[in-house]
Amino acid sequence: MTPVLPLPKYHQIYLVLREQLEEGRFADGMPGELALMQQFSVARVTVRRALERLASEGLIAREAGRGTRPIAPKDRAAVAGPGIDASLPGGPDRLTGLLENLVSVSRHTSVRVLEVDVVSASEPVARALQIVTGDGVQKAVRVRFTAEGPLSHITTWVPQALAAGFGERELADKPILVLLEESGVHVGRAHQTISARLADAQVAEQLGVSVGSALLAVRRLVFDTRDRPVQYLHGLYRPDRYEYQMQLSRVGDIDAKVWVSREASAQFH
């Protein structure tokens, strides 16, 4: 864990584990306390405080003799009571210029494909893509590099039928949205959120940062022009090499002006 962040170590661990739970990383069970102690290089009391926080929010269940297990999103309200929102976050985001921006980025960066495989959709992925849990999806994990080093760690899920035309070689050469367009998919709109996340051990190694370092976290659900989900993306970016720019303008009557976004672009350095 990094001592630079003004957060207690247990809270850093809680944030990392919470994000992994939302991604469905622990479908086969949570790591034990000893494994977590080794992963984060902390004492047992620190791990236990993090797990207690997750349990209090209804994200995990801790049972004597049976270990710790994740609680499915659909069951969390019953465990934690009201106030737990398990719905997919995000607001509407236009895709104007997005393909062009991705093509521009791809020309000035390189990609290392870490994983490409057809897997069974976890509950969060299935909910996002509006398919049945267990249906086949192509999961791809890639790291994108600039001349200065690693920029982003991207995990994407695409319904198996839509990803049949491309694999590891194509994913190393082109952005998935471009590959989808070339396969006949007409990209329409997206829901996107930008937040923050602390790097776990696996991502930290790939991005060349310390465990617990702050990263920009992007979640994007892309729809085609028929409003069908075609791609679900989790992206983690080094904030020292990536920035997201938006141009805002005021519209409406003088007594009710609001800010609206006209354009958005991703910049890297």
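Numbers here are sequence positions counted from 1.
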Check: Does a side chain donor of either Y14 or R18 reach within less than 3.5 Å of an acceptor in the other side chain?
Finding: yes
Checklist line | Smallest separation among heavy atoms of G208 and R238, with atom names | finding: O-NH1, 3.6 Å
Note to self: Quick check on the hydrophobic clustering: are L236 and V113 connected, directly or via other members, by side-chain heavy-atom contacts under 4.5 Å?
What the structure shows: no
Check: For R219 and H234, what are the C-alpha separation, side-chain angles and deciding distance, and is it a side chain to side chain contact (heavy atoms under 4.5 Å, CB included)?
Finding: CA-CA 5 Å; R219 293 194 183 191; H234 285 187; 3.8 Å; yes
Margin query: Once side-chain hydrogen bond (donor to acceptor under 3.5 Å, both in side chains) is applied, do any residues pair with D200, and if so which ones, sequence neighbours excluded?
Written below: Q20, R25, R197
Notebook entry, point to check: What distance do L51 atom CG and R49 atom CZ have between them, rounded to the nearest 0.5 Å?
Noted result: 12.0 Å
Check: Do R53 and L59 come close enough that some side-chain heavy atom pair is under 4.5 Å?
Finding: no
Next item on the list: Find the distance between CD (Q130) and OH (Y232) and round it off to the nearest 0.5 Å.
Entry: 12.5 Å
Notebook entry, point to check: So, the side chain of E170 versus the backbone of G167: is there a donor-acceptor pair under 3.5 Å, distance only?
Noted result: yes
Next item on the list: List the steps and the verdict of side chain to side chain contact (heavy atoms under 4.5 Å, CB included) for V158 and V230.
Entry: CA-CA 6 Å; V158 174; V230 296; 5.9 Å; no
Note to self: One thing to verify: whether K174 and E181 come together as a salt bridge, which I'm taking to mean a side-chain N less than 4.0 angstrom from a carboxylate O.
What the structure shows: no
Margin query: Testing the basics here: between P31 and A35, what is the closest heavy-atom pair and its distance to 0.1 Å?
Written below: CB-CB, 4.0 Å
Check: Between the side chain of S183 and the main-chain N/O of V185, is any donor-acceptor distance below 3.5 Å?
Finding: no
Next item on the list: Return the minimal non-hydrogen interatomic distance between L198 and A214, and the atom names on each side.
Entry: CD2-CA, 4.1 Å
Notebook entry, point to check: Is there side-chain contact between L180 and F166, with at least one heavy-atom pair below 4.5 Å?
Noted result: yes
Checklist line | Hydrophobic cluster membership, L21 vs L215, 4.5 Å side-chain cutoff | finding: no
Next item on the list: For residues P159 and V137, report the shortest heavy-atom separation together with the two atoms involved.
Entry: CA-CG1, 4.2 Å
Next item on the list: Check for a donor-acceptor pair, side chain of R44 on one end and backbone N or O of M37 on the other, with a separation under 3.5 Å.
Entry: no
Next item on the list: Count the heavy atoms of every other residue, nucleotide or ligand shown that sit under 6.0 Å from CD of E182, and state whether that count exceeds 12.
Entry: yes
Margin query: Nearest 0.5 Å, please: how far is CG in L17 from CE in M30?
Written below: 5.0 Å
Item checked: Heavy-atom side-chain proximity of V218 to Q192 below 4.5 angstrom -> yes
Next item on the list: Only counting residues at least two apart or in another chain, list the ones meeting side-chain hydrogen bond (donor to acceptor under 3.5 Å, both in side chains) with R142.
Entry: none
Item checked: Side-chain touch V222/V187, heavy atoms, less than 4.5 angstrom -> yes
Check: Is a side-chain N or O of Q12 found less than 3.5 angstrom from the main chain of V211, in a donor-acceptor match?
Finding: no
Notebook entry, point to check: Roughly how far, to the nearest 0.5 Å, is the CG atom of L114 from the CD1 atom of I154?
Noted result: 11.0 Å
Check: Is it true that V119 and V125 fall in one hydrophobic cluster, defined by side-chain heavy atoms closer than 4.5 Å?
Finding: yes
Notebook entry, point to check: Less than 4.0 Å between a side-chain N and a carboxylate O, is that true for R48 and E52?
Noted result: no
Checklist line | ILVMFWY network linking L54 to L36, side-chain heavy atoms under 4.5 angstrom | finding: yes
Notebook entry, point to check: So, the side chain of R220 versus the backbone of A190: is there a donor-acceptor pair under 3.5 Å, distance only?
Noted result: no
Next item on the list: Might you point out which heavy atoms bring A199 and V209 nearest each other, and give the distance in Å?
Entry: CB-CG2, 4.1 Å
Notebook entry, point to check: Could you give the distance from CZ (R241) to CG (L207), rounded to the nearest 0.5 Å?
Noted result: 9.0 Å
Margin query: Could you go through R62 and T68, starting from their C-alpha distance and side-chain angles, then the distance that decides it, and tell me whether this counts as side chain to side chain contact (heavy atoms under 4.5 Å, CB included)?
Written below: CA-CA 5 Å; R62 309 191 69 199; T68 303; 3.6 Å; yes
Next item on the list: Check the hydrophobic clustering (I, L, V, M, F, W, Y; side-chain heavy atoms under 4.5 Å; chains of links allowed) and say if F40 and L34 are grouped together.
Entry: yes
Next item on the list: Working to the nearest 0.5 Å, report the span between CH2 of W157 and CD1 of I131.
Entry: 11.5 Å
Margin query: Tell me the closest heavy-atom pair linking D224 and R226, and the distance in Å.
Written below: OD1-N, 2.9 Å
